[in-house]
Amino acid sequence: QLQASGGGLVQAGDSLIVSCAASGRTFSNYVLGWFRQAPGKEREFVATMSWNGFTTYYADSVKGRFTISRDNAKNSIYLQMNSLKPEDTAVYYCAARTQSTVATMISTYNYWGQGTLVTVSS
């Protein structure tokens, strides 16, 4: 129901946009978020946005470099990643939360995409 895309191999300092398209149901009323999992590490929170886009929250590690956005008409969510660093290398997952408040806890998200790999070379 959530399909992430746009990952790839980039160099440090480059920019990349990853996208996530929803199907099967509308997610326009859901909180949407991005998470990532680096090799050998646990999945971690990256960014989240309320259903209307008025509230966003970012992990400290990406604040000022990443921007989350959504297009409810397209049932899609995006993550603009600038000034990428090798430590940003991970599989990026989109997720949806049925409750109306933004959250960072993985366990509170109800729907997950399959992930897209972003590799940042030094």
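Please read these numbers as outputs of a predicted model, since none were measured by experiment. Side-chain atoms are counted along with the backbone in the values below, which use heavy atoms only and exclude waters and symmetry mates.
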What do the steps show when you test Val118 against Asp88 for side-chain contact (heavy atoms from CB on, under 4.5 Å), and what is the final call? CA-CA 8 Å; Val118 174; Asp88 294 318; 5.7 Å; no
With a 4.5 Å heavy-atom cut-off, do Leu2 and Gln114 have their side chains touching?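 A side-chain contact under 4.5 Å is absent here.
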Would you call Tyr78 and Ile68 a side-chain contact if the rule is heavy atoms closer than 4.5 Å?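 The answer is no, as the side chains (C-beta and beyond) never meet within the 4.5 Å cut-off.
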Looking only at heavy atoms, what is the nearest atom pair of Asn110 and Thr108, with distance?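 Nearest heavy atoms, Asn110 then Thr108: OD1-O, 3.8 Å.
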Quick one: closest heavy-atom pair of Ala12 and Ser122, and the distance?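 Taking every non-hydrogen atom into account, CB-CA, 4.4 Å.
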Let's go through Leu117 and Tyr92 carefully: what are the C-alpha distance in whole Å and the side-chain angles of both, what is the deciding distance for side-chain contact (heavy atoms from CB on, under 4.5 Å) to 0.1 Å, and is it a yes or a no? CA-CA 6 Å; Leu117 176 61; Tyr92 283 73; over 6 Å; no
Answer yes or no: is there a donor N or O on one side and an acceptor on the other, between the side chain of [X] and the main chain of [Y], under 3.5 Å?
X      : Y     : value
Thr119 : Leu9  : no
Ser76  : Lys74 : yes
Asn75  : Asn72 : no

Pick from Thr56, Thr67, Val102: which one makes a side chain to side chain contact (heavy atoms under 4.5 Å, CB included) with Met49?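 Exactly one candidate clears the test, Thr56.
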Taking the six-membered ring for Trp, are Phe35 and Phe45 ring centroids under 6.0 Å apart?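 Yes, the ring of Phe35 comes within the 6.0 Å limit of the ring of Phe45, centre to centre.
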Among the clusters formed by ILVMFWY side chains lying less than 4.5 Å apart, do Val62 and Val91 turn up in the same one?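 Different clusters.
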So if you build clusters from Ile, Leu, Val, Met, Phe, Trp, Tyr with side-chain heavy-atom gaps below 4.5 Å, do Tyr93 and Trp34 land together?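 As far as the 4.5 Å side-chain criterion goes, Trp34 and Tyr93 are not connected within one cluster.
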With Arg43 as the cation and Trp112 as the aromatic partner, state whether NZ or CZ is under 6.0 Å from the six-membered ring centre and within 45° of the axis.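 That pair qualifies as a cation-pi contact.
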How far does OG1 of Thr116 sit from CZ of Arg36, to the nearest 0.5 angstrom?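 If we round to the nearest 0.5 Å, Thr116:OG1 and Arg36:CZ are 14.0 Å apart.
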State the CD-OG1 distance between Glu44 and Thr104, to the nearest 0.5 angstrom.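 Separation between the atoms: 11.0 Å.
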Contacts table for residues 13-24: side-chain donor-acceptor under 3.5 angstrom, sequence neighbours left out:
| residue | atom | partner | partner atom | Å |
| --- | --- | --- | --- | --- |
| Asp14 | OD2 | Gln11 | N | 3.1 |
| Ser15 | OG | Asn82 | OD1 | 2.9 |

Per the side chain to side chain donor-acceptor pair (under 3.5 Å) rule, which among Tyr109, Tyr58, Tyr57 passes with Thr48?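 Answer after filtering Tyr109, Tyr58, Tyr57: Tyr109.
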Any pair with a residue in residues 47-62 that passes salt bridge (Lys or Arg N to Asp or Glu O under 4.0 Å), sequence neighbours left out, goes on the list, sorted by first then second residue, please.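 Matches after skipping sequence neighbours: Asp60-Lys63.
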Establish, from distance only, whether the side-chain atoms of Thr101 and Arg97 form a donor-acceptor pair under 3.5 Å.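 Judged by distance alone, the side chains do pair up.
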Kindly list each side-chain donor-acceptor pair under 3.5 angstrom involving residues 25-33, sequence neighbours excluded, with atom names and distances?
| residue | atom | partner | partner atom | Å |
| --- | --- | --- | --- | --- |
| Arg25 | NH1 | Tyr30 | OH | 3.3 |
| Arg25 | NH1 | Tyr111 | OH | 3.2 |
| Arg25 | NH2 | Tyr111 | OH | 3.2 |
| Thr26 | OG1 | Ser28 | N | 3.3 |
| Thr26 | OG1 | Ser28 | OG | 3.1 |

